[in-house]
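One structure is given below, encoded as structure tokens.
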Amino acid sequence: MNAAPKIALTGIKPTGKPHIGNFLGMIRPAIDLSGRYRAFYFIADYHALTTYKDRATLQRHIYEVAATWLALGLDPGRVVFFRQSDIAEVFELTWILSCWAPKGLLNRAHAYKTAVQTNQDEGKEADEGVNAGLYNYPLLMAADILLFGSHLVPVGQDQKQHIEITRDIASSFNHRHGDIFTLPEALVGEEAKVVPGIDGRKMSKNYNNTIPIFDDPSAIRKQVMRIVTDSKSPQEPKDPDQCNVFAIYRHFAPPQAVERRLHAYRHGGLAYSDIKQELAHILAENFKPQRAAYEALLEDRAAVDRVLAQGAEQARSLARPLMSKLRRTIGID
Ligand code: TRP
């Protein structure tokens, strides 16, 4: 008999227009993974609530990410695709975990520590402006992960600590109460580390340096033309590994074109404006069919809702057995 397929789970925080860095670092690898794992991908709308307090903004971001993933090939027949907020069990589990998690573990979480540090640097009280949601964020994430018995959690480097916190809580719970929780492993996308934004720093909406996937071709061109390069002339040889344009180009151009450009980098004959034009064209063409699907989905929120509701149904039925077992274990039944 075949062993049951392992579970891959990830949360997508709806925080802004998905960009090329998200695509290479997260979306494409996660969609590929869904062929080999039982995949649970969800929109972490309640995580986004730590940041967004405005209805229209949060709604727009939710539908943008849902439409992006669906347009880029997430197959809801194969992936359990849902909204976090539809699964009441997640919040029940969050509370239970909070009663087992040492508070000190949360004091050490990066996002919270950074907020405290910033306050202290500015001479303010340590916790000023920090809501308890930000503090408890890692617990909500641990609940997302543990509720479905996830084995593998594809995330960016910045989320790795949250998986470690999840493992800590789960293993100390298991230690006392038997094997209730599966210990998850983080899968950190290598690509995400090397996709630069137009200013050369990691592509991130926080730096305002992104190339959005589905902007119209002229907007994409504008961003691509702004990518920072050195000022070498076309004749001079250049190091492709130091070039922010090439770092994106190599993921999208056909292999022969990449080879040709590599040769020109190394031996002279490459004009930055020229490869930028080509990159802008390739990006626009590459995502053209998906852009149409994306736009159609944005116009039809009811269709997106139906997909997510169906996913929530499946997710809940999978969450219930673990919750019953857990409640019995802790004495709430
Ligand atoms: N915190 C993650 C982020 O900021 C999103 C997220 C929420 C998540 N719950 C999760 C990721 C569970 C992986 C597993 O991107």
Side-chain angles (χ1 to χ4, degrees), residues 6-19 21-27 29-31 33-34 37-52 58 61-62 64-66 68-69 74 79-87 89-91 93-94 97-98 101 106 109-115 131 133-170 181-189 191-193 195 202-206 210 308 311-312 315 318-319:
K6 292 200 165 180
I7 292 173
L9 170 140
T10 199
I12 308 146
K13 200 160 132 183
T15 55
K17 265 190 211 168
H19 54 71
N22 299 137
F23 174 74
L24 292 172
M26 165 104 173
I27 304 176
I31 291 177
L33 207 63
S34 69
Y37 283 77
R38 175 114 210 253
F40 289 71
Y41 298 157
F42 64 92
I43 301 181
D45 48 0
Y46 267 143
H47 272 112
L49 197 63
T50 61
T51 325
Y52 298 107
L58 185 55
H61 289 330
I62 289 170
E64 272 171 3
V65 293
T68 298
W69 281 68
L74 181 149
V79 176
V80 182
F81 188 46
F82 59 99
R83 285 183 217 244
Q84 179 188 41
S85 59
D86 279 339
I87 317 298
E89 287 81 356
V90 167
F91 310 98
L93 180 54
T94 303
L97 296 178
S98 81
L106 301 181
H110 295 314
Y112 174 67
K113 265 176 69 177
T114 306
N131 63 55
L134 175 72
Y135 190 73
N136 289 320
Y137 188 108
L139 292 176
L140 179 55
M141 186 157 158
D144 291 330
I145 295 169
L146 297 176
L147 185 60
F148 299 101
S150 315
H151 299 96
L152 197 67
V153 185
V155 282
Q157 183 67 34
D158 62 330
Q159 298 296 311
K160 227 178 133 180
Q161 189 197 25
H162 291 149
I163 316 295
E164 282 153 20
I165 293 174
T166 303
R167 287 178 65 95
D168 278 357
I169 300 171
F181 295 124
T182 302
L183 299 193
E185 303 273 346
L187 176 69
V188 176
E191 306 293 6
K193 289 184 214 154
V195 182
K202 176 180 160 39
M203 192 180 291
S204 161
K205 69 156 183 64
N206 297 332
T210 70
L308 295 173
L318 291 157

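Just so you know, ligand 1 is whichever comes first in the structure, and atom 1 is the first atom listed for that ligand. Since the structure is predicted, the reported quantities are computational estimates derived from the model, not experimental observations.
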Quiz item: Heavy-atom distance to atom 4 (O) of ligand 1: which of F148, F42, Y137 wins?
Solution: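 Residue with the shortest heavy-atom distance to the ligand atom: Y137.
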Top protein contact for [atom], by heavy-atom distance:
atom	result
atom 5 (C) of ligand 1	G11 O, 3.5 Å
atom 2 (C) of ligand 1	Q159 OE1, 3.2 Å
atom 9 (N) of ligand 1	D144 OD2, 2.7 Å
atom 7 (C) of ligand 1	H47 ND1, 3.1 Å

Quick one: look at [X] and ligand 1, take heavy-atom pairs under 4.0 Å, and tell me if it's side chain, backbone, both or neither.
X	value
V155	side chain
Q84	neither
I145	side chain

Just wondering, do [Y] and [X] contact through their side chains at under 4.5 Å, heavy atoms?
X	Y	result
I12	T68	no
F40	L318	yes
N22	V65	no

Atoms in ligand 1 with a heavy atom of [X] nearer than 4.0 Å:
X	value
T10	11 (C), 13 (C)
K13	4 (O)
A44	7 (C)
V153	13 (C), 14 (C)

Checking the side chain of [X] only, and the main-chain atoms of [Y] only, is there a donor and an acceptor separated by less than 3.5 Å?
X	Y	result
S150	P184	no
Y41	A30	yes
D45	S85	yes

Self-check item: Summary of salt bridge (charged side-chain N to carboxylate O under 4.0 Å, His left out) pairs that have at least one residue in residues 8-19, sequence neighbours excluded
Solution: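 Applying salt bridge (charged side-chain N to carboxylate O under 4.0 Å, His left out) to every pair that reaches into residues 8-19, excluding sequence neighbours, yields K17-D215.
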Exercise. Determine the interplanar angle of the Y137 and H162 rings, folded into 0 to 90°, and report it as parallel if under 30°, tilted if 30 to 60°, perpendicular if over 60°.
Key: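 Rings of Y137 and H162: tilted, 30 to 60°.
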